Amino acid sequence: MKELSKAYNPQEFEADIYRLWEEQDLFNPDTTHPDGEPYSILMPPPNVTGVLHLGHALENALMDIMTRYQRLQGKRTLLLPGTDHAAVATQAKVERLLVEKGIKNPREEFGRQKLLQEIRTYAEESKSTILSQIRKMGTSCDWSRLAYTFDAERSEAVNEVFYRMYHDGLIYKGYRVVNWSVKGQSTCSDDELVHIEREAKLYTFKYSDDLPFAISTTRPETKLGDTAIAVNPNDERYKKYIGENFIVDVGAIKPLKLKVIADENIDPEFGTGAVGVTPAHSPIDFEMYEKQKADGNPIDLISVIGPDGQMTAEAGPDYHGLDVLAARQKFITWLKDNDLFISEEEISQNVGTSDRFGDVVEALPMTQWFVDVNAVIPNRGKSLKLLMKEAVTTGLDGDKKKVVRVTPKRFEKLYFNWIDNLRDWCISRQIWWGHRIPVWYCRDCQESVVSDAKQCTIILQRHGEADSNANDYLNSDVSKVNNRLTEKGRKQVLAAVKKMPQINAIYSSDMERAKETAEIFAEKLKLEIEYDDRLREVGVGDFEGSPDVGDGFNQTRAKFSAWHHDNPHGIESFDELKTRVFASLTDIAFEHPGETVLVVTHGDIARTAQGLHENISDEDIFHLSYPDTGESFEIKITPVTCECGSHDVYQDEYTLDTWFSSGLWPFSTLGWPNNSHDLKDFFPTSWMQMGYEIIFFWMARMILMSSYTLNEIPFKDVYIHGMLRDEKGQKFSKSAGNGIDPVEIAEKYGTDALRLSLISGVTPGNDSRFYLEKVESNRNFINKLWNISRYIFMSSKAKYSDSVPSHSAADDWILSRLNRVIDAVNQLFADYNFSQAAELLREFTRDDFADWYLEIAKVEKKKDDILIYILNNLLRLWHPFIPFVTEAIWRSMGEKSSVMVSSWPKVKSAIVDQEFEAAFAVIPEAITKIRNVRAEYRIDPGKKIPLRINSNAKETMLADNLEIVKALARLDSIEFVSAKPDRSASVVIGPIELYIPLAEVIDIDQEKERLSKELEDIKKYVNSVKKKLDNKSFVDNAPKSVVAGEQVKYEEAEQKMILLHKQLEELK
RNA sequence: GGGCAAUUAGCUCAGUUGGUUAGAGCGCAUCAUUGACGUUGAUGAGGUCAGAAGUUCGACUCUUCUAUUGCCCACCA
């Protein structure tokens, strides 16, 4: 047995222990419990937008506690780690950082490839930080199964699901009013809106004098696009006009034709009871537009606001180019000038803002991709909406086994409410960081193709610096110059090799400088090189060997039209260049679907490939920047063949909502769409935890995707946790400046203390507070456990054995307690009540074990085996909560394998004896009462005093365990007496009377007061119980056991009362 | 506008099908401490369970209403 160091210093062992677990592959269920019953938890993937915060730390603690608990039960437990590319969140973040660095418009200045490269670099960095932080939290996840929502496997799943939904008619492209963030230049879904309340003005006016209506609006500028007036069909004032058309001229490009339409939802009481209908800029009005169209009574749709947030030409020459606020003022002025303005009124209104970009969104009509939540799924007879509902109510198709249990249950209501109000989900985004929509358009026949082909990731690597770069001359003819890499160039390549991800194949231009570069890669990556002359640098014609100055090569090309189709000065035409690059890369993609390929090539070729990939104009391609020598960027090409046979397709440039890929997480991480073992074994997953703020975003989407794709629920149980708040109850946020770095806390107090603090006080679904005092007290507690162990190791030489003989009442007591605690902890785990489980363990460890049993053990001696036994059990019970310290102590105990793969203690019910425990309680009670008297009379704690016991207690538990009382209450003599000695303090415990003869210190008055006070208390109690028992209806109606219990209480209390009374009498 | 949650000791919170003399931790007070642990121990003070009504033999617990706080949802233009 190793001695534990004197102080508990988590910094000394936590990192080593985690490394050891990893080295022994203990997080991998296939290593530890290959034959156990599968149990799986998926980590909600943190966004790669920054660093781990306290909320993540809480989630890690919760998941890991559950994982370690299940693993100790012998289950084949998988906790699968991963991260989320978080499309818009990440791009918004990186753009913000770039703007801070002085780049005003990153998208314009960088272009797609370069910005994506920036984002990717940021994301990868953030990812590796987060992963190391997860390790720091002690999370026992299986790193061999690490996933990323944006990696090749997950992309494959995304495309496959899109493909299926499209062919099932659940995904459609439609012209609809969507939420548009002008600042982010992208759509967002309804769920991504954050509603804020703000003051606004409600204006009332007429379109023209001829019109019998006045209308009210908060957005006068949109009225330039009005095409109807809606009234309630039962509104007597306006009924007669329904169906009529009015022509008004409010200054738009042409006069507006306004049809009066009826709509039930119009409130006749609000405003004037007539509503100007702007189908293009209001989702509700758009619905009216759709309805009118469906009814064969179409109205127009005029878009007067553009994606740039400015008025369009449709709005008329007076307004065109103005931003909305300026247009509003101008329109109001016009109304006033023409005596059409009636009134304005301050109202408060709710507006939707973009959760990532923060601006108020505009409603704009656009062509976007949607998931239809109401359409009937072929062969299923029900809609996605219905599937989502079934999964939480009856189970899918009524199968009770396919039902998600939500803890706490009240969140189900929230979920249903959301489903009921759900509209079609807009899944296309105009940002670049994300999964491209897997739709291709054919350049030959103009048709679109939705393909489930696996995309090939191509890393375009420019060769390292060559002689031509260093000495500035052009070289594209392999036969003319032997242009090799410089020393610097080779170094660049070696550096690039280190950064290279897993590669399946290498292709290279056959020019010397590329060849040389490729060879370095090939050697290091142990791959063969395929040479392709179509990857050669652009042909420079007559400029071969000369520096590119004056009227040289690039000047010639700058006159774009001159070499577009032709070959001025013998240079390669752009058409020829594009054709060979496209053909080469397409061939590669078809050769390596689903793989990552390194293509070593030249600057101009890389840029041309990039341009082709982005589907931008030839001239724009020419103006793209090169990658630097030795640098690379990646593009993804999916080998798609159009129905017409052409490979000449380009992909839709929109990307998918990030929640589309997150929704697939429960199965995409387990190998779907491939028929993997993991999918069979671990899906549906067993348990999932998440914060209530992502129930709509994530839980709902996972249920949608799983029930659609696999006709299964994604998880059997979902545990909803609350948010962490600071000590004042405020949210943690950067802007509030109250952020706490979990890693810093872990470093200072130890991860174990952090974990315990995070979950303490946490109940399902409720917010909890986090503050340093909590961490400190938990650290102190762990230190206590450390010292308990240290003491036991110092005093005991025993080895753990699964069964230990009991030598005394105290032994029986502690063993019974232990088993009862194990039982209770199991129950608390079953209810996901982690905080209480830890609380219970803490109580047992500190109060029962350390404060009582260890002290008793010092008196009774020879308890080595029991001490070790209990400690061993305790370490296993504590391990899910505080994995590091339990492992450290476990190893010191001489155990060879890890505590994390030992076994969860079994309840030995034969040992549990609650009655005996209750009987034993007299001993601590007696000791406490005596200590109490000592404290009251200020007796020096070191001084030993005598004790007399009324002899009627001779045959009790107390009489059998006097040695314990003697030592712990610091007594020098104990005798049984038949009468109370003179001048002594007395206490009553049930039927037992204890006397403490203290002639020299005793104060009769003080003693009288003390006893009187106690007598008063007990009298009150006796009376209340008596009243109850005298109440006939109580005796008649209450269950017998309750009445009997009250009777016992009464008798005991009464006896105590009599004894106290007697003692008080004796004092007089 | 609709909904959800919370309200228990100075602070943070338990209290799981109605029966407890309503608990814990921190803080506070008093005392102790060469001892496994001062990152400690012993002892104590402190609450009409937000308010009102109701159901019941019995309410912190169930019902209704009220108040305060927080959160979520929502197409009064």
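Below, read A as the first sequence line, B as the second, and so on, with proteins coming before strands; counting in each chain starts at 1. What you see is a predicted model, and the numbers here were worked out from it, not measured in a lab.
Straight-line distance between the P atoms of B:rA77 and B:rG19: roughly 50 Å, to the nearest whole Å. The C1' atoms of B:rA32 and B:rU21 are separated by 31 Å, rounded to the nearest whole Å. Straight-line distance between the C1' atoms of B:rU7 and B:rC60: roughly 12 Å, to the nearest whole Å. Atom C1' of B:rA6 sits at a distance of 12 Å from the matching atom of B:rC13, rounded to the whole Å. Here, B:rC49 and B:rA59 have their P atoms 12 Å apart, quoted to the whole Å. Between B:rU56 and B:rU69, the two C1' atoms lie 32 Å apart (nearest whole Å). Between B:rU8 and B:rA74, the two C1' atoms lie 35 Å apart (nearest whole Å). Annotation: B:rA52 and B:rG15 have their C1' atoms spaced 24 Å apart (nearest Å).
A centroid separation of 6.0 Å or more is found between the aromatic rings of A:Y719 and A:F829. Here the two rings, on A:F696 and A:Y415, have centers that are 6.0 Å apart or farther.
For A:R779, whose side chain is taken as the heavy atoms from C-beta onward, the closest listed nucleotide among B:rC31, B:rU39, B:rC57 is B:rU39.
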Reading nucleotides 67-77 of chain B 5' to 3', which nucleotides get B (base under 4.0 Å from a protein heavy atom), which S (sugar-phosphate only), which -?
-----SSBBBB
Only distances under 3.5 Å count here; give the side-chain donor-acceptor pairs of residues 759-766 of chain A to other protein atoms, sequence neighbours excluded, each with its distance to 0.1 Å.
from: A:S760; atom 1: OG; to: A:S757; atom 2: O; distance (Å): 3.4
from: A:T763; atom 1: OG1; to: A:N766; atom 2: ND2; distance (Å): 3.0
from: A:N766; atom 1: OD1; to: A:R410; atom 2: NH2; distance (Å): 2.9

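Side-chain atoms of A:E1051 and A:Q1055 include no donor-acceptor pair closer than 3.5 Å. No side-chain donor from either of A:W425 and A:D191 sits under 3.5 Å from a side-chain acceptor of the other.
In the interface, the side chain of A:Q836 is not paired with the base of B:rA24 through any donor and acceptor atom under 3.5 Å apart.
Between A:K1020 and A:E1016 no salt bridge is recorded (no basic side-chain N to carboxylate O distance below 4.0 Å). Salt-bridge annotation for A:K1056 and A:E1014: present, with a side-chain N of the basic residue lying under 4.0 Å from a carboxylate O of the acidic one.
Distance A:R769 CZ to B:rU12 P: 5 Å, rounded to the nearest Å.
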